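Before any comments, here is the structure.
Keep in mind the model is a prediction, meaning the values are calculated, not measured. Values below: every heavy atom of this structure, side chains too, minus hydrogens, waters and symmetry copies.
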Amino acid sequence: MPPWSLVVFAAAAALLLFANHHLHGNIDYAGAAVWGLVAVYVKQSGWDVPGADVAAWVAIAIAAVLVVQTFW
């Protein structure tokens with residue numbers, strides 16, 4: 001499960017960063033995306049499934065990169 005999750009996270013990150021770039025760091029778009037990524041963190045951090053903690057931290061990392069890109 002973790003390898004496929006990382007592939008999905010990579011695709012989602014690429015799409016989010018691409019869209020945010022083309023929207024010129026739209027704060028509303030970035031806010032909604034970060035909200036969703038924080039929700040993924042909350043859901044994954046509460047599970048005992050192997051790899052859930054990695055998925056949780058990957059979601060937070062993507063959110064952090066998105067915030068940096070937005071304000072850059």
Side-chain angles (χ1 to χ4, degrees):
M1 183 173 149
W4 284 110
S5 296
L6 294 177
V7 169
V8 171
F9 275 120
L15 180 62
L16 288 170
L17 294 170
F18 176 80
N20 193 38
H21 174 74
H22 284 285
L23 291 170
H24 305 289
N26 184 315
I27 194 75
D28 295 328
Y29 171 79
V34 168
W35 181 268
L37 289 164
V38 168
V40 170
Y41 169 79
V42 169
K43 182 67 174 177
Q44 292 295 321
S45 64
W47 280 15
D48 293 334
V49 176
D53 55 340
V54 173
W57 287 109
V58 168
I60 289 298
I62 294 169
V65 171
L66 188 63
V67 168
V68 168
Q69 183 195 38
T70 299
F71 288 108
W72 181 359

Query raised in the report: Cluster question for you: counting only ILVMFWY and a side-chain heavy-atom cut-off of under 4.5 Å, with indirect links fine, are V8 and V58 together?
Result: no

Requested in this report: Measure the CG-CD1 distance between L16 and I62 for me, rounded to the nearest 0.5 Å.
Outcome: 7.5 Å

Query raised in the report: For V40, what residues pass the side chain to side chain contact (heavy atoms under 4.5 Å, CB included) criterion, not counting sequence neighbours?
Result: F9, Q44, A59

Query raised in the report: Looking only at heavy atoms, which two atoms of A56 and S45 are closest? And how far apart?
Result: CB-N, 3.9 Å

Output a table of donor-acceptor pairs, distance under 3.5 Å, between side-chain atoms of residues 23-38 and any protein atom two or more places apart or on a different chain; print 'none' if there are none.
{"from": "N26", "atom 1": "OD1", "to": "D28", "atom 2": "N", "distance (Å)": "2.8"}
{"from": "N26", "atom 1": "OD1", "to": "Y29", "atom 2": "N", "distance (Å)": "3.2"}

Query raised in the report: Which pairs pass ring-ring contact (aromatic ring centres under 6.0 Å, His included) with one or both residues in residues 52-72, sequence neighbours excluded?
Result: Y41-W57

Query raised in the report: Excluding sequence neighbours, so at least two apart, what forms side chain to side chain contact (heavy atoms under 4.5 Å, CB included) with V65?
Result: L17

Query - Partner set under ring pair (Phe, Tyr, Trp, His ring centres under 6.0 Å) for F18, not counting sequence neighbours - result: H22

